[in-house]
Protein chains: 2
Amino acid sequence: MATMHDVARLARVSVSTVSYVLTGTRPISQATRDKVLAAMAELDYQPNAMARGLASRRSRILGLLMPMDERGLGATETAFVTGAAAAASAAGYHLVLSPVGGGDLDDLRRLASQRMLDGVVLMEVQLADERVTVLQEAGVPLVLIGRTGDTSTLSYVDIDFDQTVRDAVAHLVGLGHRRIVYVNHSAATLASGYGPALRTRDAFVAAMTGHGLEPVMIPAEDSAAGGRAALAAAFARAPELTAVLAMNETAIFGILGELTGRGLSVPDDVSVVSMVTSTQVAELATPALTAMTSPGSALGRIAIEALLRHLDGPGDQRHQQLLPCALEIRGSTAAPRRPTLVTSRPSSIDGG
Amino acid sequence: MATMHDVARLARVSVSTVSYVLTGTRPISQATRDKVLAAMAELDYQPNAMARGLASRRSRILGLLMPMDERGLGATETAFVTGAAAAASAAGYHLVLSPVGGGDLDDLRRLASQRMLDGVVLMEVQLADERVTVLQEAGVPLVLIGRTGDTSTLSYVDIDFDQTVRDAVAHLVGLGHRRIVYVNHSAATLASGYGPALRTRDAFVAAMTGHGLEPVMIPAEDSAAGGRAALAAAFARAPELTAVLAMNETAIFGILGELTGRGLSVPDDVSVVSMVTSTQVAELATPALTAMTSPGSALGRIAIEALLRHLDGPGDQRHQQLLPCALEIRGSTAAPRRPTLVTSRPSSIDGG
DNA sequence: CCGCTTCGTCGAAGCGTTTCGACGATCATG
DNA sequence: CATGATCGTCGAAACGCTTCGACGAAGCGG
């Protein structure tokens with residue numbers, strides 16, 4: 001493995017000159033630069049990442065911290081990761097994914113204090129997230145995907161849940177639906193302060209109320225069985241429902257199964273819209289799902305770009321940005337068979 | 001950020017003594033050790049990863065190289081990653097996931113030559129995989145998940161496809177099925193030398209032949225539409241089929257949809273077994289799928305442990321191991337409604 | 001033609017560890 | 001009691017790079 005010394009000797013220049021050629025920190029004449037580059041090529045020189053990191057106090061490694069729980073990465077998260085990796089690579093940085101779970105806060109502290117990461121992007125942020133505190137205390141530049149409760153001081157990129165829900169509801173209302181049920185994540189997830197679940201809940205209430213409609217909401221466990229149970233509960237609460245809006249990507253397959261089981265057809269009897277979903281998953285179902293497609297790879301790219309700006313620029317800038325999901329209409333939504341003409345008279349249904 | 005010097009000064013010992021306490025390379029008296037540990041605790045000392053890496057020529061970072069294509073990580077891959085991360089963490093190593101695609105071979109070469117990774121685990125290996133060559137040339141210790149065509153010189157962990165297919169077929173045959181169709185990955189995937197597709201194909205032929213049955217095989221694109229098309233093709237080729245064995249986790253939802261669309265019930269009219277699947281995905285379907293569950297997290301753990309042995313021990317050892325998937329019986333398999341009693345008379349169906 | 005920048009290059013001092021050789025002190029051995 | 005081992009510790013030399021100060025050469029205005 002050739003070192004900078006070898007390159008310098010072969011090119012008959014000093015080590016520092018080789019370094020300047022590599023980093024561009026100081027001007028180097030074209031003639032010298034050519035000699036050095038030729039020597040590098042001849043020796044197949046690759047700078048040693050550790051030495052470079054030690055001397056420059058910059059590892060050129062960015063961390064993407066994602067809790068890897070049982071349910072795996074969906075296509076959405078994957079798009080996010082690839083978008084981030086591409087952006088990092090374009091800037092000459094490596095992106096490493098660290099599967100730090102919720103439990104290993106000490107692990108995280110250690111990782112952060114070891115000066116191995118120039119900065120991190122934190123995924124799946126909770127409204128109150130200790131990981132954020134740990135990283136801030138360690139002085140690691142930080143960009144969030146998602147938001148904590150208090151967003152004032154941090155940089156983040158997130159999905160514009162408010163806009164997304166509004167668009168989804170508008171699509172259904174535009175088709176003539178009036179009795180729309182929102183299937184969210186589980187009650188436990190809501191209670192744990194999972195931002196997307198809470199924000200979509202509020203957005204759904206706002207959107208429905210804005211149309212003069214009653215917001216009916218049902219929580220569902222993250223499983224097909226949970227989806228089936230949720231649909232049963234939905235019919236119990238709102239027997240006349242004609243449309244389901246589902247946030248829970250896992251439960252949605254149970255919802256579809258249960259609809260079929262009840263002899264109801266999608267979209268003729270009930271329309272279904274899937275929220276924050278990838279194209280791939282939407283097309284797995286039969287019929288393919290009308291869905292709000294999440295801007296996965298754009299989110300990843302933007303997060304990394306913001307992080308890089310943190311590293312270079314002066315400290316105090318923040319980047320806060322929301323991106324909506326795009327409505328992609330497929331086969332699971334249509335006008336209701338018997339449009340409810342009642343628009344504003346509240347029924348016995350109560351919001352939940 | 002406290003350094004080793006600070007710790008040494010506070011504990012009134014030399015830096016090297018601090019280092020020996022940390023690494024255990026040389027014996028240190030209990031009294032000195034206590035002084036040093038106290039000083040570390042007081043200063044909240046964390047060793048600098050870069051400096052340590054430079055001096056010891058060991059980064060204590062292992063790479064998990066996974067091509068991240070459009071279709072995302074399934075629960076299987078995720079289990080794999082978490083198993084690997086846990087094993088690495090237990091040994092005091094960091095595990096970084098590098099989403100190196102197929103295209104960026106130069107990227108890989110750079111990554112390997114930068115001496116940032118002590119060793120790597122390579123996922124999604126093709127029968128002929130250039131990445132293996134690149135890594136070997138760079139002299140990076142290597143363990144594969146999956147196998148190349150020539151396995152003689154490498155360490156690997158892989159699923160025992162032969163055993164898995166045999167078990168799946170035995171389950172169906174035991175229920176009384178005779179006309180079993182195998183839905184594999186796409187023809188293009190087969191042609192590209194994707195090991196699991198090729199190995200399961202051969203194993204299916206062997207298993208069916210062993211039972212005196214005709215092996216019927218259909219390729220399917222990795223999509224729900226691909227699954228539907230494959231099922232149509234299967235019925236065209238084998239009208240009397242009573243069971244489907246599917247390797248293609250994405251296509252299987254299309255298969256189920258198409259069966260329902262044809263008015264056939266699962267498992268009464270047709271039994272379905274999903275190969276190399278996670279419990280989570282198997283339970284998404286209605287009815288829940290009888291599946292061969294992949295030993296994801298065990299694979300990850302074993303791969304990392306083998307890699308660590310490579311790093312410590314003398315170079316020449318190999319670790320080659322196959323793990324079968326476990327049969328988990330759920331609602332998608334049952335005895336055929338009209339068991340075919342013909343056992344060995346070849347029909348017009350041709351394998352392939 | 002002189003002093004002043006600016007340009008291009010060099011040497012050397014780090015960066016924070018590990019690791020090697022050395023060296024008292026302690027201890028069993030003959 | 002002299003003689004090696006063994007144990008515990010130290011100082012210093014790497015590890016391969018970046019970066020700072022310095023300095024000769026070249027270019028410029030006056």
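Below, chains carry the letters A, B, ... as their sequence lines are ordered, and counting in each starts from 1. Model, not experiment: these values are computed from the prediction.
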Quiz prompt | Nearest listed nucleotide, side chain of A:S19, among D:dG16, D:dT18, C:dG16 | solution = D:dT18
Quiz item: Of all the nucleotides listed (D:dC17, C:dT19, C:dG8), which has the minimum atom distance to the side chain of B:T25?
Solution: C:dT19
Looking at [X], does any N or O in its side chain come under 4.0 Å of the phosphate oxygens OP1/OP2 on [N]?
X     : N      : result
A:S56 : D:dC17 : no
B:S14 : D:dC10 : yes
A:Y20 : D:dC20 : no
A:S29 : C:dG8  : no

Exercise. Between B:R57 and B:R33, name the one whose nearest nucleotide on DNA chain D is closer to the 5' end.
Key: B:R33
Quiz item: Is there a side-chain contact between B:V121 and B:L65 (heavy atoms, below 4.5 Å)?
Solution: no
In a table with atom names and distances, give each donor-acceptor pair under 3.5 Å that connects a side chain of residues 33-43 of chain B to protein atoms at least two apart or in another chain.
residue	atom	partner	partner atom	Å
B:R33	NH2	B:I28	O	3.1
B:D34	OD1	B:Q30	NE2	3.0

Quiz prompt | Integer-rounded Å distance: C:dG16 C1' and B:M40 CE | solution = 13 Å
Quiz prompt | Partners meeting side chain to side chain donor-acceptor pair (under 3.5 Å) with A:S278 (sequence neighbours left out) | solution = none
Exercise. With sequence neighbours left out, write down each residue that passes side chain to side chain donor-acceptor pair (under 3.5 Å) with A:T23, or none if nothing qualifies.
Key: A:T25
Quiz prompt | Lys/Arg-Asp/Glu bridge criterion (N-O < 4.0 Å) met for A:D312, A:R58 | solution = yes
Dump the pairs, protein N or O against N or O of nucleotides 22-25 of chain C, anything under 3.5 Å, distances to one decimal.
residue	atom	partner	partner atom	Å
C:dA22	N6	B:R26	NH1	3.3

Quiz item: Do B:H319 and B:Q317 have side-chain N/O donor and acceptor atoms under 3.5 Å apart?
Solution: no
Please list, one pair per line, the donor and acceptor atoms closer than 3.5 Å that link side chains of residues 1-10 of chain B to other protein atoms, with sequence neighbours excluded.
residue	atom	partner	partner atom	Å
B:T3	OG1	B:H5	N	3.1
B:D6	OD1	B:R9	NH2	3.3
B:D6	OD2	B:T3	N	2.9

Quiz item: At under 4.0 Å between heavy atoms, what does A:V18 touch on the DNA or RNA strands: base, sugar-phosphate, or nothing?
Solution: nothing
Quiz item: With a non-hydrogen cut-off below 4.0 angstrom, is A:L54 in contact with a base, only sugar-phosphate, or nothing?
Solution: base
Quiz item: Is B:T148 reaching over with its side chain to a backbone N or O of B:A128, donor-acceptor style, under 3.5 angstrom?
Solution: no
Quiz item: Got a donor-acceptor contact below 3.5 angstrom from the B:S89 side chain to the B:A86 backbone?
Solution: no
Filtered N/O pairs between nucleotides 12-14 of chain C and protein, under 3.5 Å:
none

